[in-house]
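Working notes, beginning with the structure itself.
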Amino acid sequence: MNDLHWLDAASLVDAYQRRQLAPSEYVDSLLDHIDRYDDALHVFIDLHPDDIRKEAKRADRALRATRCTPGRLHGVPVGIKDNINVRGVPTTCCSHLMTGNIANRDALIVERLRREGAIILGKVATWEFALGGPSFDLPVPPARNPWRYSHQPGGSSSGCGAGLAAGFFPLAIGTDTGGSVRHPAASCGVVGLKPTYDLVSRDGVFPLAYSLDHVGPMARSVADASLLLDVLAGTPHCPRTGPPAADRLDGWKIGFIKNFHETDMIAAPEVGAALDQAAMAFAVLGATVHDIRVPPLDDFAAVNRVILYSEAWSIHKKQFTSHPDKYGQICRRRIPAGAFLSAEHYVTAQRRRTVLHAKIEAQLAQFDFLLCANSLDPAGPIDQFSSGSPVNSRQARTPFNVTGHPAISLMSGLSSDGLPLSLQLVGRFFNERMLLQAAQAYQRHTGFDTLHPPHL
């Protein structure tokens with residue numbers, strides 16, 4: 001097979017079972033590809049090729065054993081964000097404060113991956129404590145965007161998005177507190193799902209803000225994201241195992257949130273045009289699309305900031321007051337904000353959160369899912385952030401951390417400069433199956449999942 005690194009997980013499992021490909025052969029190909037390109041992309045924080053090759057050989061032997069019933073991800077490599085515990089491996093959260101912090105057990109989601117036969121390929125880049133940015137004062141250099149090395153890949157699950165877009169692994173697990181799965185998915189042109197709050201366990205995941213944190217699957221295709229969610233959540237959500245994944249959406253009703261990108265913030269023209277084209281694509285698929293308004297982005301952002309910084313300060317207060325010098329510059333600026341927030345601020349934000357939640361629920365009572373903007377611009381140059389320009393403020397992801405609804409990021413095309421554009425679909429609580437069906441229909445219709453960085 002040519003271009004093994006672009007195989008999706010479902011095709012990979014099928015090739016293994018048909019004896020067309022062995023896990024060791026695929027892993028050797030990936031490691032060669034990583035060795036060729038990761039010096040420029042900085043995706044991996046921890047990678048042990050010899051150990052991974054041994055694990056792939058064990059997967060080979062298990063497939064040859066006549067009594068072996070392979071797991072759903074047998075022999076499939078997965079990249080793990082470096083705020084998630086993998087036993088025997090450092091969980092550093094990309095911070096000098098956590099250097100040498102060896103995990104003594106797997107996170108629950110990693111246990112589930114292993115039970116299904118997945119190969120833990122390595123720990124991948126994150127912004128410091130999932131809060132900072134693409135910083136140059138941390139233990140390792142920041143990950144870069146495979147579509148253009150001079151640009152940032154989004155964050156904080158930066159290594160997940162960059163690694164998927166570069167063909168380093170077919171599946172990854174990230175975390176999302178204010179958009180940290182969906183931002184790198186948008187910037188790198190891959191799929192990122194923030195599931196319903198608490199659908200996927202956070203046990204063994206270093207927290208940023210307890211009531212906003214989500215763990216989510218990332219992949220290059222909706223089908224793969226669905227397969228990974230199956231494993232992480234322990235319940236079937238894959239379109240292939242639920243209702244038929246039809247190519248049509250006849251009878252479905254979509255609410256198109258336009259105020260996010262037309263009045264609350266003005267999206268880049270190409271982003272707005274791509275959203276309009278996506279609405280037309282859903283109409284072609286048989287759905288009816290209705291323009292709607294919800295509360296403005298600033299309302300959601302204000303609530304998110306108060307809750308996030310209050311909860312983050314409760315987590316970091318002891319270490320920050322003792323060792324502020326061990327935090328990077330961006331976290332040193334952001335984390336102390338929580339110290340100046342009162343209980344009244346926090347309670348007021350939580351009360352307002354309830355109101356915003358009800359507003360989104362009211363829309364989802366009328367529509368099968370919502371369509372809206374994700375990033376309002378393509379990915380920007382990585383050095384803009386170090387010079388003070390915000391990298392994550394022009395976005396519409398935060399509302400759904402506040403409300404907890406499932407939201408998926410999909411590629412909606414390429415800009416004139418050849419950088420990915422993106423959209424979001426938002427669904428009802430614990431109805432990821434329906435959301436994934438809509439996302440898969442859109443992806444099949446557009447074929448955007450077949451686009452890759454041309455030089456890789």
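Here the structure is a predicted model, which means the values were calculated and not measured.
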Is the closest side-chain heavy-atom distance between [X] and [Y] below 4.5 Å?
X: Leu227; Y: Val76; result: no
X: Arg202; Y: Pro207; result: no
X: Leu425; Y: Phe282; result: yes
X: Ile315; Y: Leu208; result: no
X: Asp449; Y: Val191; result: no
X: Pro399; Y: Ile360; result: no
X: Asn145; Y: Cys188; result: yes
X: Asp213; Y: Thr177; result: yes

Under 3.5 Å donor-acceptor, [X] side chain and [Y] backbone:
X: Glu311; Y: Tyr210; value: yes
X: Lys123; Y: Pro90; value: yes
X: Gln424; Y: Ala373; value: yes
X: His183; Y: Ser375; value: no
X: Arg19; Y: Leu63; value: yes
X: Asp298; Y: Asp264; value: no
X: Arg248; Y: Val284; value: yes

Report the C-alpha distance between Val140 and Cys94 in whole Å, list the side-chain angles of each, state the deciding distance to 0.1 Å, and finish with yes or no for side chain to side chain contact (heavy atoms under 4.5 Å, CB included).
CA-CA 7 Å; Val140 294; Cys94 204; 3.6 Å; yes

Please state whether the rings of [X] and [Y] are parallel, tilted or perpendicular, taking 30° and 60° as the class boundaries.
X: Phe44; Y: Phe168; value: parallel
X: Phe300; Y: Phe400; value: tilted
X: His214; Y: Tyr197; value: perpendicular
X: Phe429; Y: His405; value: parallel

Looking at every non-hydrogen atom in both residues, tell me the closest pair between [X] and [Y] and how far apart they are.
X: Leu435; Y: Gly427; result: CD1-N, 3.7 Å
X: Gly132; Y: Trp127; result: O-CE3, 3.6 Å
X: Arg144; Y: Ala162; result: O-CB, 3.4 Å
X: Ala281; Y: His445; result: CB-CD2, 3.7 Å
X: Ala267; Y: Arg394; result: CA-NH2, 3.9 Å
X: Asp60; Y: Ala22; result: OD1-CB, 3.6 Å

Show your reasoning for whether side chain to side chain contact (heavy atoms under 4.5 Å, CB included) applies to His261 and Val271.
CA-CA 9 Å; His261 70 280; Val271 171; 5.8 Å; no

When rounded to the nearest 0.5 angstrom, what is the spacing between [atom1] in [X] and [atom2] in [Y]?
X: His452; Y: Arg220; atom1: NE2; atom2: CZ; value: 6.5 Å
X: Asp230; Y: Arg112; atom1: CG; atom2: CZ; value: 11.5 Å
X: Glu432; Y: Leu199; atom1: CD; atom2: CG; value: 5.0 Å
X: Lys54; Y: Ile119; atom1: NZ; atom2: CD1; value: 14.0 Å
X: His151; Y: Leu419; atom1: NE2; atom2: CG; value: 5.0 Å
X: Asp247; Y: Tyr442; atom1: CG; atom2: OH; value: 15.0 Å

Mind checking salt bridge (charged side-chain N to carboxylate O under 4.0 Å, His left out) for Arg182 and listing every partner two or more places apart, or none if nothing turns up?
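Once residues adjacent in sequence are excluded, the partners of Arg182 under the salt bridge (charged side-chain N to carboxylate O under 4.0 Å, His left out) criterion are Asp176.
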
Suppose we screen for salt bridge (charged side-chain N to carboxylate O under 4.0 Å, His left out). Which residues come up paired with Asp46, at least two apart in sequence or across chains?
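Partners of Asp46 under the salt bridge (charged side-chain N to carboxylate O under 4.0 Å, His left out) test: none.
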
Hey, could you give me each pair passing salt bridge (Lys or Arg N to Asp or Glu O under 4.0 Å) that has a residue in residues 151-171? Not counting sequence neighbours.
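Qualifying pairs: none.
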
Can you run down the salt bridge (Lys or Arg N to Asp or Glu O under 4.0 Å) pairs that involve residues 83-109, sequence neighbours left out, and say none if there aren't any?
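Every salt bridge (Lys or Arg N to Asp or Glu O under 4.0 Å) pair that includes a residue of residues 83-109, provided the two are not neighbours, is Arg87-Asp106, Arg105-Asp203, Asp106-Arg114.
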
I'd like to know whether Val78 forms a side chain to side chain contact (heavy atoms under 4.5 Å, CB included) with Val110, so could you lay out the CA-CA distance, the side-chain angles of the two residues, the decisive distance to 0.1 Å, and finally the verdict.
CA-CA 10 Å; Val78 184; Val110 175; over 6 Å; no

Residues 26-34, side-chain donor-acceptor partners within the protein, below 3.5 Å, at least two apart:
residue, atom, partner, partner atom, Å
Asp28, OD1, Arg53, NE, 2.9
His33, NE2, Ala166, O, 2.7

Between Tyr149 and His455, is the ring centre distance below 6.0 Å?
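For Tyr149 and His455, the ring centres are under 6.0 Å apart.
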
Please check if the distance between the ring centroids of Tyr327 and Phe129 is under 6.0 Å.
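Distance test on ring centres: under 6.0 Å, yes.
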
Could you point out which residue of Asn104, Thr91, Asn101 forms a side chain to side chain donor-acceptor pair (under 3.5 Å) with Asn85?
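That would be Thr91.
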
Partner of Ser180 under side chain to side chain donor-acceptor pair (under 3.5 Å), chosen from Ser156, Ser157, Ser158
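Per the side chain to side chain donor-acceptor pair (under 3.5 Å) rule, the option paired with Ser180 is Ser156, out of Ser156, Ser157, Ser158.
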
For side-chain hydrogen bond (donor to acceptor under 3.5 Å, both in side chains), just list the numbers for Asp8 and Ser221, CA-CA rounded to whole Å, side-chain angles, deciding distance to a tenth of an Å, and then say yes or no.
CA-CA 7 Å; Asp8 60 71; Ser221 72; 5.5 Å; no

As a quick check of understanding, evaluate side chain to side chain contact (heavy atoms under 4.5 Å, CB included) for Arg148 and Asp417, giving each step before the final call.
CA-CA 10 Å; Arg148 188 167 303 160; Asp417 291 336; 3.7 Å; yes

Any donor-acceptor pair under 3.5 Å linking the side-chain atoms of Asp82 with those of Thr92?
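Side-chain D/A pair, Thr92 to Asp82: present.
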
Steps toward salt bridge (charged side-chain N to carboxylate O under 4.0 Å, His left out) verdict (Asp368, Arg428)
CA-CA 8 Å; Asp368 295 298; Arg428 298 168 183 156; 3.7 Å; yes

Please list all pairs meeting side-chain hydrogen bond (donor to acceptor under 3.5 Å, both in side chains) that have one or both residues in residues 270-283, counting only residues at least two apart or in different chains.
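Found Glu270-Ser416.
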
Counting heavy atoms not belonging to Arg18, are there more than 12 under 6.0 Å from its CZ?
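At most 12 heavy atoms, drawn from other residues, nucleotides or ligands, come within 6.0 Å of this atom.
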
